[in-house]
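Just so it is clear, the structure is predicted and the values come from calculations on it, not from any experiment. So that the names make sense, note that chain A is the first sequence line, chain B the second, and so on, each numbered from 1.
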Amino acid sequence: MDSRFCGNDRAFMGMTKMKKEPIHPRELDAAERAKGFDEVCLVYTEEQALQEASRCIQCKDPACIAGCPVEIDIKKFIAQIADKDYKGAYFTLREKNNFPSMCGRVCPAEYQCRKTCVFTKKDAPFASEKAINIHFLERFVGDYGMKEKLETPAYIDERLSKFKIAVVGSGPAGLCCAGELARRGVKVVVYETLHKPGGVLRYGIPPFRLPQDVLDVEIDYLKKLGVEIRPNIIIGKTKSLDELFEEGFSCVFLGLGAGTPSFMGVEGENLCNVYSANEFLTRVNLMSAYKFPAYHTPINVGKHIMVIGGGNTAMDAARVAYRLQMIKGIEPSVTVFYRRTETEMPARRLEIEHAKEEGISFEFLVQPTGFIGDDKGYVKKIKALRCELGEPDSSGRRRPVPIKGSEFEADCDEAIIALGLKANQILIEATPEIKTDKWSDIIVDKDTMETSIKKVYAGGDIVGGEGTVIEAMGMAKKASRSIIDYLLKQ
Amino acid sequence: MKILAKEIITKTEDTTITRFKVSAPLIAVKAQPGQFIVVMVKEEGERIPLTAVDKNEKEGSIVLVVQEIGFSTKLMGTLNPGDSLYAIAGPMGHATPIENYGKVILVGGGVGIAEIYPLAKALKEAGNQVITILGARTKELLILEDEMRAASSEVHITTDDGSYGKKGFVTDILKELVSPNSPSLRSGPLAEGSRANARGKLPTPNLVYAVGPIPMMERVAAVTKDSGVKTVVSLNALMVDASGMCGGCRVKVKDEVKFSCVDGPEFDGHLVDWDELKMRSKVYADKEEHICKLNEHIT
Ligand SMILES: Cc1cc2nc3c(=O)[nH]c(=O)nc-3n(C[C@H](O)[C@H](O)[C@H](O)COP(=O)(O)OP(=O)(O)OC[C@H]3O[C@@H](n4cnc5c(N)ncnc54)[C@H](O)[C@@H]3O)c2cc1C
Ligand code: FES
């Protein structure tokens with residue numbers, strides 16, 4: 001029996017004896033990659049994947065699985081990698097996760113499966129370096145599946161093929177729900193406001209983290225399954241929810257997402273060149289403003305760009321801003337302002353590391369208080385206060401407390417505000433019957449994901465606020481099961 | 001998304017205004033006065049907001065009136081019947097609440113005239129006394145005069161250079177119409193609402209609605225401010241998604257930040273922070289100039 005199959009007691013021994021170092025995939029050189037939008041992190045080679053898989057001690061009671069929002073059988077797929085059964089590993093992943101190539105790239109694994117991995121110390125704020133690199137392995141297998149054109153078989157249920165379901169929103173929640181239903185033979189139409197499908201995966205997450213062709217492959221697969229994608233249609237405006245039912249849809253799934261940017265409400269926030277991260281990223285990713293004037297959407301690129309926030313959105317905005325400066329031949333200067341310290345930053349650790357390697361500066365424990373503009377209305381300076389950490393707040397993180405008299409100003413001719421996103425409102429406003437909570441998120445039955453309107457289900461960021469891609473997919477999957485249960489009863 | 005018809009309404013040395021009829025069956029059913037649509041001329045294009053000026057549900061078409069002011073509108077001007085727009089989506093924004101206000105003054109400047117046209121029709125149909133003031137730089141740029149005459153009870157025209165109508169600005173006429181001693185008001189037939197409001201004093205309009213260049217809307221709001229006549233303006237802030245997801249279209253309205261695309265495009269003209277709007281509308285002026293110059297050969 002090789003070491004992979006040892007039980008928990010052996011696992012402990014294995015752990016104390018373990019010498020094998022974690023394997024990091026190759027990455028593009030920091031100085032080079034910051035000149036463009038090529039993917040930073042490369043996929044494991046087969047050898048690397050085998051080495052990393054062999055570090056997994058195959059716990060008898062694998063805690064990692066509980067850390068995964070969709071409960072992928074992590075233990076099994078890693079064992080399959082070690083056995084070089086990559087195809088098997090792919091189907092193990094696909095049982096729970098429709099888009100392993102995407103999740104392997106963007107999942108904040110250090111807060112999920114890797115955090116509960118036996119190699120992470122209890123109570124650590126995020127995964128230890130020693131935790132198995134589950135996400136890199138997932139990506140290895142996902143990309144293998146993509147390369148080999150592996151497709152999870154559709155298991156069409158004749159009874160379902162007479163039904164039509166409408167999905168509103170084409171982010172990970174909508175796409176996942178569409179795929180699950182289509183694989184069972186349900187006819188699915190996905191409606192999307194924007195001209196291209198993908199939601200945040202398209203307009204928010206930059207191609208150096210998630211290349212667009214990875215997304216396109218997944219969308220093409222859905223189309224092959226018979227899913228119809230209808231861009232440029234806003235449900236609540238172009239068509240109402242009621243009209244979808246009148247058109248013969250049996251159920252509707254709402255994957256509306258959270259895209260409404262928050263602002264700070266400070267002086268000077270509407271000056272020119274103060275962007276929300278969503279605007280900044282949408283201009284660059286969805287509208288290709290970095291190729292202006294070949295593409296027609298403009299973007300301004302400053303000499304001293306400040307990014308405010310500490311999440312993935314802030315990291316993406318900062319790294320995109322830095323790249324734009326490089327492309328335009330501007331001496332790069334991008335600084336992230338965050339109210340707390342690096343430990344509290346909600347961004348993926350890898351993104352923080354990558355941002356630092358690329359040359360982005362960080363100012364921790366600072367809180368912006370306003371912006372000063374020139375006579376034409378363009379931002380010129382940022383005003384801020386220094387903070388110290390106080391008592392923990394409701395999120396359990398220590399709260400930043402401004403230090404009296406610590407005001408300072410810094411040069412800033414462009415600011416990007418990345419302070420969180422709220423529910424997309426158009427459909428909710430047009431559909432007052434749908435019950436929402438105080439954050440305007442849609443309220444659902446936790447077991448079925450059904451909303452207060454019968455036959456209308458919801459999932460993703462529109463339920464419970466900004467989350468992760470995998471959580472969105474988890475909710476969508478649950479909703480798709482309820483929808484199928486409902487349809488089978490008809 | 002196919003262009004069904006195209007007509008150049010007017011063309012001068014520096015200005016072209018074109019009317020397009022575009023196939024958009026779903027939008028044709030839904031578009032209401034006051035709302036707008038988003039157009040991408042090409043795949044590489046910007047998402048630009050335009051007003052659906054008219055619609056024909058049966059034919060599944062809408063009418064867009066486009067003044068070639070920026071690169072994207074110039075590019076649109078190069079399209080011909082049979083060509084297709086890359087994307088068209090909507091209708092976006094809130095519709096104007098159409099009710100019987102009594103006496104309504106509609107002010108349209110430049111291509112803004114096209115935008116008040118559907119409104120004039122709807123308000124007249126709802127029983128309002130519709131007085132319109134149309135302004136243009138010069139006679140050739142005055143568009144839709146016949147249509148506006150048909151849709152209004154009374155039409156006033158001004159041109160900056162005096163080549164047609166009264167020389168001056170729309171606000172010169174507006175001032176007369178909202179001032180208590182207005183001869184036009186005393187002689188004009190009074191609608192129910194305004195008579196009820198008059199209470200012995202001379203009647204004022206119950207609503208002023210303005211669409212046009214930002215400085216014009218600002219001046220309109222300034223004229224009506226003292227009289228307290230409700231003044232609605234339709235703002236054309238710069239937009240990207242037009243669905244509330246970027247905040248690029250934000251405007252300050254009575255110290256509150258609003259997103260033009262989803263909260264508007266109509267706002268109380270007396271509460272809009274005009275200076276900020278003017279400043280934000282120029283944020284890409286240099287880029288616009290650059291892309292227009294580069295593409296002079298196409299557009
Ligand atoms: C910049 C950024 C970086 C992120 N990085 C990560 C990361 O690294 N890892 C991670 O796990 N998560 C990340 N997230 C979070 C993650 O992207 C979201 O949790 C996820 O996309 C939510 O999926 P969704 O399907 O619910 O919504 P979205 O992806 O927001 O998609 C919703 C879609 O619905 C459309 N829509 C809304 N209303 C309507 C309507 N009425 N009619 C038609 N269409 C409509 C919208 O246009 C949009 O395309 C990031 C988020 C951002 C903004
Ligand atoms: S245009 Fe993006 S929020 Fe209005």
Side-chain angles (χ1 to χ4, degrees), chain A residues 192-196 199-200 203-204 230-234 236-240 243 257-263 265 269-283 286-289 291-300 373 375-378 417 421-426 429, chain B residues 1 24 26-27 29-31 35 38 40-48 70-72 75 86-94 238 240-252 257 259 261-263 273 275-284 286-288 290-295:
Chain A
E192 168 58 49
T193 299
L194 298 172
H195 54 281
K196 283 190 179 156
V200 172
Y203 75 75
R230 306 260 339 244
N232 304 317
I233 293 188
I234 312 104
K237 293 282 181 194
T238 324
K239 287 171 188 236
S240 69
E243 282 166 325
T260 312
S262 303
F263 289 93
E269 208 170 12
N270 290 351
L271 285 166
C272 295
N273 294 349
V274 179
Y275 289 92
S276 77
N278 253 17
E279 177 180 359
F280 185 78
L281 291 170
T282 302
R283 282 181 183 271
L286 178 71
M287 308 307 295
S288 305
K291 296 186 202 153
F292 182 90
Y295 281 68
H296 311 158
T297 302
I299 185 118
N300 289 339
D375 53 357
K376 291 212 178 87
Y378 285 82
I417 299 171
L421 300 159
K422 291 173 292 195
N424 280 336
Q425 282 301 311
I426 289 186
E429 244 184 56
Chain B
M1 290 189 258
L26 297 175
I27 300 175
V29 175
K30 284 296 165 74
Q35 290 186 297
V38 171
M40 279 176 83
V41 179
K42 288 189 167 188
E43 186 170 0
E44 311 87 58
E46 291 178 89
R47 294 172 64 90
I48 53 167
F71 176 65
S72 293
L75 191 65
Y86 172 73
I88 177 164
M92 307 291 206
H94 292 291
L238 297 179
V240 187
D241 59 298
S243 69
M245 293 203 300
C246 79
C249 63
R250 62 196 191 276
V251 288
K252 214 183 279 149
V257 175
F259 290 3
C261 63
V262 286
D263 300 325
D273 183 334
D275 288 338
E276 188 182 282
L277 183 68
K278 277 186 277 188
M279 164 193 108
R280 285 184 64 82
S281 70
K282 297 203 185 92
V283 58
Y284 298 113
D286 59 331
K287 302 254 169 354
E288 190 70 56
H290 177 59
I291 193 172
C292 285
K293 268 219 185 93
L294 271 180
N295 290 287

Margin query: Pair A/Asn270, B/Arg250 - check side chain to side chain donor-acceptor pair (under 3.5 Å), show working.
Written below: CA-CA 8 Å; A/Asn270 290 351; B/Arg250 62 196 191 276; 2.7 Å; yes

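- The contact between B/Ile88 and chain A is made entirely by backbone atoms, counting heavy-atom distances below 4.5 Å.
- The nearest pair of heavy atoms linking B/Gly90 to A/Ile234 is N-CD1, 3.5 Å.
- For B/Lys287, the parts lying under 4.5 angstrom from a heavy atom of chain A are both the backbone and the side chain.
- Residue with the most contacts toward chain A among B/Lys278, B/Lys42, B/Glu44, B/Lys30: B/Glu44 (heavy-atom pairs, distance under 4.5 Å).
- Of all non-hydrogen atoms in A/Ser276 and B/Cys246, the two that sit nearest each other are OG-O, 2.6 Å.
- With a 4.5 Å cut-off on side-chain heavy atoms, A/Gln425 and B/Val262 do not count as touching.
- At most 12 non-hydrogen atoms from other residues, nucleotides or ligands lie less than 6.0 angstrom from NZ of A/Lys376.
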Next item on the list: Given side-chain contact (heavy atoms from CB on, under 4.5 Å), test B/Val283 with A/Asn273 step by step and report yes or no.
Entry: CA-CA 7 Å; B/Val283 58; A/Asn273 294 349; 3.6 Å; yes

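- Heavy-atom pairs under 4.5 Å with chain B were tallied for A/Leu421, A/Ile299, A/Leu281; the largest tally goes to A/Ile299.
- Neither the backbone nor the side chain of A/Ala258 comes within less than 4.5 Å of any heavy atom of chain B.
- Counting only heavy atoms from C-beta outward, the side chains of B/Leu26 and A/Glu243 never approach each other to under 4.5 Å.
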Next item on the list: Would you sort out whether A/His296 and B/Val41 count as a side-chain contact (heavy atoms from CB on, under 4.5 Å), showing the intermediate values?
Entry: CA-CA 10 Å; A/His296 311 158; B/Val41 179; over 6 Å; no

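- At a 4.5 Å heavy-atom cutoff, the contact between A/Lys237 and chain B is made by backbone and side-chain atoms alike.
- Side-chain contact between A/Pro298 and B/Glu46: present, with at least one pair of heavy atoms (C-beta onward) separated by less than 4.5 Å.
- By the 4.5 Å heavy-atom criterion applied to side chains, A/Met287 and B/Met40 are counted as neighbours.
- Contact check for B/Lys252 versus A/Glu269: no side-chain heavy atoms found under the 4.5 Å cut-off.
- By number of non-hydrogen pairs under 4.5 angstrom with chain B, the leading residue of A/Leu194, A/Asn300, A/Thr297 is A/Asn300.
- Here the closest heavy-atom approach between residue A/Pro261 and residue B/Gly244 is recorded as CD-O, 3.8 Å.
- Using the six-membered ring where Trp is involved, A/His195 and B/Tyr86 have ring planes that are perpendicular, over 60° apart on the 30 and 60° scheme.
- Only the backbone of B/Lys282 has a heavy atom closer than 4.5 Å to any heavy atom of chain A.
- Of all non-hydrogen atoms in A/Pro293 and B/Leu294, the two that sit nearest each other are CG-CD1, 3.2 Å.
- Chain B forms more heavy-atom pairs under 4.5 Å with one residue of A/Phe280, A/Phe263, A/Tyr203 than with any other, namely A/Phe263.
- Using a 4.5 Å cut-off between heavy atoms, A/Lys239 contacts chain B through both its backbone and its side chain.
- Between the side chain of A/Tyr275 and the backbone N or O of B/Gly247, no donor-acceptor pair lies under 3.5 Å.
- Neither the backbone nor the side chain of A/Ser288 has a heavy atom closer than 4.5 Å to any heavy atom of chain B.
- Closest approach of A/Arg283 and B/Val240 over heavy atoms only: NH2-CG2, 3.4 Å.
- Of the listed residues B/Gln35, B/Glu276, B/Glu43, the one with more heavy-atom pairs under 4.5 angstrom with chain A than any other is B/Glu276.
- At least one side-chain heavy atom of A/Leu271 sits less than 4.5 Å from a side-chain heavy atom of B/Met279.
- From B/Arg47, atom CZ reaches atom CG of A/Leu286 across 7.0 Å, with rounding to the nearest 0.5 Å.
- Looking at heavy atoms from C-beta onward, A/Asn424 lies in side-chain contact with B/Met245 at the 4.5 angstrom threshold.
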